[in-house]
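Here's the structure, in structure tokens; my notes come after.
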Amino acid sequence: MSDQKNKQKNTSVSVENIYSLEGRVPVAKAIPFGLQHILAMFVANIAPILIVAGACNLDDADKTMLVQVAMLIAGIGTLIQLFPIWKIGSGLPIVMGISFTFVSIFCYIGPKYGYGAIVGAIIIGGIVEGILGLFAKYWTKIISPIVAASVVTAIGFSLLSVGATSFGGGSGAADFGSYRYWILGGITLLCCILFNIFAKSYWKQLSVLFGLVVGYIVAVCMGMVDFSALKGTSIIAFPRLLPVKPEFHLNAIISVILIFLVSATETIGDTSALASGGLGREVTKKETAGSIACDGFVSAISGLFGCLPITSFSQNVGLVNMTKVVNRFTIAMGALIMILAGIFPIFGALLATLPEPVLGGCTIMMFGTIVVSGLQMVGNCGYSQRNITIVALSLSVGIGFTQVPEIFAQFPKIIETVFAENCVAVVFVVAIILNLILPKNMEAK
């Protein structure tokens, strides 16, 4: 009877549907929630492109083109995740964006082979990951709930330094950690907390957006917003297919495929964390397969437009876990905003002026919620001796070793590139191995 009432509720247009996967939310109410998701990931979405483009010595026109495509692809990828096409997409409120995971390998491939080699490797690697996603039900059996819990916890811990870096002014800031960054980040964080305490009803879930808006206004008053990027930005523009001629180098392709496997690992963790923290249930095999397939095939499409691979964004998983806003229609409003930002570059350039400390003030707590979700997943698996061993050793090796990346110096370059600074990949590998070799019953008799 209650299920029937829920279905009837979901068919009506109501703001209360923000807590339901299905159902319509009034557009005027849905847009702020969607915008909140985009602002939370916008800077991280374009940062990998700027880093790789700089390493490859691309000119400003190429950088502008890549940023535009990144926003468009992120919006399209998010829509496919929300509303699957055939078996591609999970149907979950997953927000997609350009992956940081590939930055180090691209900064190695680009100067050696050229940007065309990066594009060619992305197209091939994306197709490989997409096909693996379609057949995920045959190989994800080895990823037990305790392995997924370990990966989710690792994702949360790996993001804490990202939030802290933004809070301190952003990577590369000349005056990193200065008082003005502390003040701006602190005001933003305080606004998020106070809004969440005093706001009523569903308005509480807009605490991140409130913090971003107040922080942005304060940053403008402090003279910390750079509007120079808006000069000369075109009003409307459309991306071109194959703006860069793909080149196919075997070494580059193999290296990038390995990183795509790491990206798939993160996607599995993100999908598990979202289902657990946002929906209060375990993820299904169909959802995991669709999520990985979307990761791969949309990345291949991104390569066709000269852009970098796309993946699920963990910061948005943290936002969902914190607010419990899981409505697909609502998140789709954010995806449409991204698509508009891709078609109208002036809009994207305005969003890009968001200062790093404002973003850090809002995201630091969101990333913490991913850690908590991972710990909750561990608790749901039970604290048996076997589970404790898997979690403890995988996190110790994964997080510990990657904090001193020099420990991988004796390994081949590809191993060092894949694992030295990616704790999620190390945690995944160690947890999988332990899950396969440890006895099923390790309790003391």
Open item on the list: Let's go through T311 and T267 carefully: what are the C-alpha distance in whole Å and the side-chain angles of both, what is the deciding distance for side chain to side chain contact (heavy atoms under 4.5 Å, CB included) to 0.1 Å, and is it a yes or a no?
Closed with: CA-CA 7 Å; T311 191; T267 298; 3.4 Å; yes

Task: Residues I73, I301; criterion side chain to side chain contact (heavy atoms under 4.5 Å, CB included); working and verdict - done: CA-CA 8 Å; I73 291 294; I301 293 173; 4.2 Å; yes

- [ ] Decide yes or no on side chain to side chain contact (heavy atoms under 4.5 Å, CB included) for L279 and L92, but give the supporting numbers first.
- [x] CA-CA 9 Å; L279 301 174; L92 297 176; 3.6 Å; yes

Task: Working for side chain to side chain contact (heavy atoms under 4.5 Å, CB included), residues I253 and F248 - done: CA-CA 7 Å; I253 291 172; F248 302 97; 4.0 Å; yes

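Scanning both residues, I109 and A117, for their nearest heavy atoms gives CG2-CB, 4.1 Å. In this structure, G361 and L189 approach most closely via the heavy-atom pair O-CD1, 3.3 Å. Taking both residues in full, the closest heavy atoms of F176 and G168 are given as CD1-O, 3.2 Å, listed atom of the first, atom of the second, then distance. Of all heavy-atom pairs between S299 and G126, the closest is CB-CA, 4.4 Å. The two atoms that bring V103 and S99 nearest to each other are CG2-O, 4.4 Å, heavy atoms only. Scanning both residues, L184 and P357, for their nearest heavy atoms gives CD2-CB, 4.0 Å.
Residues I432 and I142 are in side-chain contact: their nearest non-hydrogen atoms beyond the backbone lie under 4.5 Å apart. With a 4.5 Å cut-off on side-chain heavy atoms, P309 and F106 count as touching. Contact check for L261 versus L132: side-chain heavy atoms found under the 4.5 Å cut-off. Within the 4.5 Å cutoff, no side-chain heavy atoms of S90 are placed close to those of T288. In this structure, the side chains of L274 and P93 come closer than 4.5 Å at one or more pairs of heavy atoms. Using a 4.5 Å heavy-atom threshold, the side chains of L134 and F297 count as touching. M377 has its side chain out of reach of P145: every pair of non-hydrogen atoms, C-beta onward, lies at least 4.5 Å apart. When side chains are defined from C-beta on, F102 does not count as touching L308, because their heavy atoms never get closer than 4.5 Å.
Under a 3.5 Å cut-off, the side chain of S394 and the backbone N or O of V391 do form a donor-acceptor pair. For the pair Q36 (side chain) and L209 (backbone), a donor-acceptor distance under 3.5 Å is present. Put simply, the side chain of T153 gets close to the backbone of A149: a donor and an acceptor are under 3.5 Å apart. Formation of a donor-acceptor pair under 3.5 Å by the S302 side chain with backbone atoms of V298 is not found in this model. Distance alone, capped at 3.5 Å, is enough to place a donor-acceptor pair between the N45 side chain and the I98 backbone. Judged by distance alone, the side chain of N17 and the main-chain N or O of S20 form no donor-acceptor pair under 3.5 Å. Of the possible polar contacts, one joining the K324 side chain to the G277 backbone as a donor-acceptor pair under 3.5 Å is found. A distance-only check finds no donor-acceptor pair linking the side chain of E247 to the backbone of G116 [under 3.5 Å]. Formation of a donor-acceptor pair under 3.5 Å by the S166 side chain with backbone atoms of G163 is not found in this model. In this structure, S263 contributes its side chain and I259 its backbone to no donor-acceptor pair below 3.5 Å.
Residues D175 and Y181 have side chains that bring a donor and an acceptor to within less than 3.5 angstrom of each other. Side chains of S291 and T271: a donor on one and an acceptor on the other come within 3.5 Å. Under 3.5 Å, the side chains of E287 and T284 contain a donor-acceptor pair of N or O atoms. Of the N and O atoms on the side chains of N435 and R386, at least one donor lies less than 3.5 Å from an acceptor on the other residue.
Within a 6.0 Å radius of CZ in F83, other residues, nucleotides and ligands contribute more than 12 heavy atoms. Residue-environment remark: CZ (F135) stays at or below the threshold of 12 foreign heavy atoms within 6.0 Å.
Between L72 atom CG and L340 atom CG the span is 10.0 Å, to the nearest 0.5 Å. Here the CD1 atom belonging to I146 is positioned 4.0 Å from the CG atom belonging to N387, to the nearest 0.5 angstrom. How far CD1 of I257 is from CD of E129: 10.5 Å, rounded to the nearest 0.5 Å. In this structure, CE on M224 lies 12.5 Å from OH on Y216, to the nearest 0.5 angstrom. The distance from atom CZ of F428 to atom CD1 of I155, rounded to the nearest 0.5 Å, is 10.5 Å. To the nearest 0.5 angstrom, M96 atom CE is 6.0 Å from S312 atom OG.
Listed by chain and number, the residues in a side-chain contact (heavy atoms from CB on, under 4.5 Å) with L304 are I123, L241, L242 (sequence neighbours excluded).
Ring geometry for F419 versus F408: interplanar angle under 30°, hence parallel rather than tilted (30 to 60°).
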